[in-house]
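A short write-up of the structure that comes next.
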Amino acid sequence: MRFLFIVLSFYSLASYSQNHRQAGSSEIKLKIKKLNFLGSVLYVAAHPDDENTRAISYFISDQLAATAYLSMTRGDGGQNLIGPEMRDQLGLIRTQELMAARRIDGGQQFFTRANDFGFSKNSKETFEIWNKNEILSDVIRVYRQFQPDVVITRFPPDERAGHGHHTASAMLAIEAFDKSNDPSIFSDQVKDCGVWQPKRLFVNTGRWWNQTINESTPGVVTINVGTYNTLLGKSYSEIAAESRTQHKSQGFGSPGRRGDAPEYLEFTKGEKADKNIFEGVNTTWLRIKGAENISLLVDQAVKEFKDEDPVASVPVLLKIRSAIHSLPPSVWKNRKENEVNKVIQDCLGLFAEATANVFWSPPGEKIKASFEIINRSNLGLSLTEIKAERLSFDSIVSADLKKNAPLAFKSEKKLNDNLNYSDPYWLRQPHTQGLFSVNDPSLIGSPENQPAISFDFVFSLLNEQLTIRAPLVYKWTDPVKGELTRPFEIVPPVFVNLGKPVYLFVSQSPYDVNVVIKSAKENCSGNVELKLPEGWKSEPSVFQFTLKKKGEEQIFMFNVLPGKEEQTTSIEAIATIDNKVFDYSIQTIQYDHIPIQTLLPKASSEAMRINLKKEGGVIGYIKGAGDEIPSSLRNLGYEVWEMKDEEVTAANLKKVDAVVLGIKALNTNERIRHYMPALLNFTKEGGTMVVQYNSNFDLEIDEDKFSPFPIKMSRDRVTQENSEVRILKPDHQLLNYPNKITAKDFEGWVQERGLYFPSAWAPEYEALLSMNDAGEPAKDGSLLVAKYGNGHYVYTALSFFRELPEGVPGAYKLFANIVSLGKNNKPALAKVKSKAK
Ligand SMILES: [Zn+2]
């Protein structure tokens, strides 16, 4: 077999997360024991949060195996319980939630380029949209890079898996198992990655899929993921609860269960195993030629480890390290060299940090870095060199590090001129519905970018060298949260942000478009202008800007005159500095459980020139899981009152024309049951109440209390965004006033039609629309309207929360009609009554 030197691009990330966390003695002991285990597991599923965190934690800290999770997607198409981010931005949040989970359990993380395009009912559709061959090549690439002995899929490779992405993830894992050892398949990878044959593949089955399964079921290996780890002071179920709870955007807060917990792995492919997943795999150093003596050295290190004097283990760890270093290149050599380096660092209590004076900077600019280095052991140690390739920084130093005496100094350096910006690598190019575009194949599989700048600190100890890599970070102290860091990032010199993601021109009148210019460096001046569709004009056509300070902003207002014809188009903003064009906007995502994330999307907004009318002036909005409905309503010209709990009173409701509940308000708003009577009464007295979709479990209110007449919720959805929409009640006021709704208004929708459709309803409701995915029966619950007293109650499972922020004209017209209900007294109303069943 060929040995290949593979630089796993994760070492520096691991050191980033652990930069501030030095392992204590019991953890060091576990890490030393792990040096003697050479077996690996790759867990495979479709989304962040699909993975079995208990099993992963068990493989890492009980079996001591190198363990990774390969998620096909970044979860871009999911829902978001913690904020308004969707699609690419949500994928970024969920990527970071997985990274946070892996920091807790110690696993590695991989992704393919597959885009989570939303719920898919079968693998056939999934493969068509993803481009199956591309994703298979990514899965095979990860097999060849990580070289797992055992592959475990979360899902069975058939319709029992439910979601089409789930089924597809298992099918791809199985196909890759058969093909990754064949050098003629994706042969372009072979030069860098070699080929690889995993020993066997299991499906992580369970009672969910097989109700009679138990420990003696033939072909099933059972592991006890409830084991308590004495060195960590936790059971794997407890560790898993912590890591699972990182999936906060999905509402996956989990309790820490204790006690035995069997997990069933069903043998599927490769060489059969009866008791242990690693049966027949040599998981000792004997699997590598020339490494025979290493296990004895590790045994010695474990035996002689002194918990109050871990530095006493450094000499033997250095011996282990040089034995590993002399081995021919292999995945295991690389992996174990990284592990032993980190253990040596932990034994020394050696801390090395580089912080910048700013958190972002354009290429070519000077930055100041501060260094803090400290040796907390009594072993003589000296710092000999510091280097950072991207700063063209390489300094030979000679500083002895006495026990517990910090070494601190500063240095100013210029960033190289040709550095890439730090936006996520998979979002740099436009992508299709199913596949991200990545120009550099060596990045495929990586969970995130390498740090913008990394420093290598080279130390000399006992006549050997030890290199510690630390990313450049920005650090500050929050009075409440304590010390915080964020990655140092490379950004353009100037950002151009348009005021809104969607501009609506409901007539040919001009409309103000704001552009915020923000500088990322000092003394930045140039021009800013809009790029408009043909026939559109702005007044003025160009502004000059001068920004003296870094971070300074200037706002410019363009008065935009749209064209005559209805059209869906875009408005772009560009800045020009010294004849160079910059068209990046900046978006920052900030949540406590993940590092701050920066995106640099093109400065472009949807622009719709549509003839749209509306009635009513003030809309009350009650928050649910988070959506962009308020800004969409403001776009329509409404005044929106985002009502706090205590503001939802009968007196206040008299001031609004309609009330809209945010998505999943009935699932997420704990107070909703208390003010629902006031809302229903408001409706009865003539108001319009609009309830957006809710899931049918975890309701915060009794099922018979949120509507004037019964509605039965279900999990029905229509996921094909182009599926035909049949208008059932073409004469209904809601489909005619103030805008005429036709089949054309359902063109250009994104991701899906809707979700969690009611499946049955009282005769007081009128179902206005009918739709279904191909091959399924009609679903008529997407838009239900009932007259209640003098007002209207609307329950809609249509995905307005996705369509409005994307600038879908028909969705705007329909939503305008919904909130305008009851505002005219045309005969249509009489019709509604006479048609009621
Ligand atoms: Zn999933």
Side-chain angles (χ1 to χ4, degrees), residues 42-56 68-82 85-88 90-102 105 107 109-127 129-130 132 135 138-139 142 151-174 203-209 240 243-254 263 433-436 447 625 664 695-698 715 717 719 751-752 755-756 773 802:
L42 181 68
Y43 200 91
V44 182
H47 306 113
D49 79 17
D50 285 343
E51 85 276 26
N52 182 335
T53 43
R54 295 192 307 176
I56 286 175
Y69 173 41
L70 167 60
S71 176
M72 296 296 143
T73 76
R74 298 174 185 270
D76 329 76
Q79 296 148 39
N80 183 355
L81 278 188
I82 57 172
E85 296 87 358
M86 276 189 286
R87 312 251 265 179
D88 292 356
L90 179 61
L92 184 56
I93 290 173
R94 296 185 68 187
T95 297
Q96 289 301 325
E97 290 182 338
L98 264 190
M99 298 304 287
R102 294 297 83 81
D105 60 34
Q109 185 59 51
F110 295 101
F111 291 96
T112 73
R113 286 168 296 158
N115 184 12
D116 174 2
F117 55 84
F119 188 81
S120 175
K121 287 179 178 166
N122 58 65
S123 56
K124 187 171 164 284
E125 181 205 51
T126 298
F127 284 143
I129 295 176
W130 275 354
K132 185 192 163 202
I135 307 307
D138 292 0
V139 175
V142 171
V151 175
I152 301 174
T153 66
R154 165 75 278 188
F155 300 102
D158 50 50
E159 63 282 358
R160 284 178 297 157
H163 197 319
H165 298 172
H166 293 168
T167 313
S169 72
M171 291 170 72
L172 287 166
I174 289 169
V203 175
N204 186 180
T205 185
R207 295 266 156 81
W208 180 269
W209 288 294
S243 62
R244 197 147 189 75
T245 297
Q246 299 308 307
H247 297 299
K248 295 184 194 295
S249 69
Q250 307 306 300
F252 270 42
S254 304
E263 193 68 57
Q433 189 193 1
L435 186 69
F436 289 109
K664 297 186 99 174
S695 70
N696 56 345
F697 47 90
D698 283 349
R715 299 177 68 93
R717 39 169 113 202
T719 62
Q751 184 158 331
E752 63 196 356
L755 63 175
Y756 293 103
D773 282 330
R802 292 196 193 281

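FYI, side chains are in, hydrogens and waters are out, and symmetry mates aren't considered; it's all heavy atoms of this structure. We count ligands from 1, going down the list as the structure has it; atoms in each ligand are counted the same way.
Nearest N/O/S atom of D50 with respect to the Zn ion (ligand 1) is recorded as OD1. The closest approach of H47 to the Zn ion (ligand 1), by N/O/S atoms, is made by ND1.
Metal site remark for the Zn ion (ligand 1): H166 contributes an N, O or S atom at a distance under 2.8 Å.
Electrostatic pairing of E263 and R54 counts as a salt bridge here, judged by a charged N lying under 4.0 Å from a carboxylate O. Using a cut-off of 4.0 Å between Lys/Arg side-chain N and Asp/Glu carboxylate O, K121 and D773 are scored as salt-bridged.
For D698, the CG atom counts as loosely surrounded, since its 6.0 Å shell holds 12 or fewer non-hydrogen atoms of other residues, nucleotides or ligands.
If you check the side chains of N80 and S249, you find no donor sitting under 3.5 Å from an acceptor.
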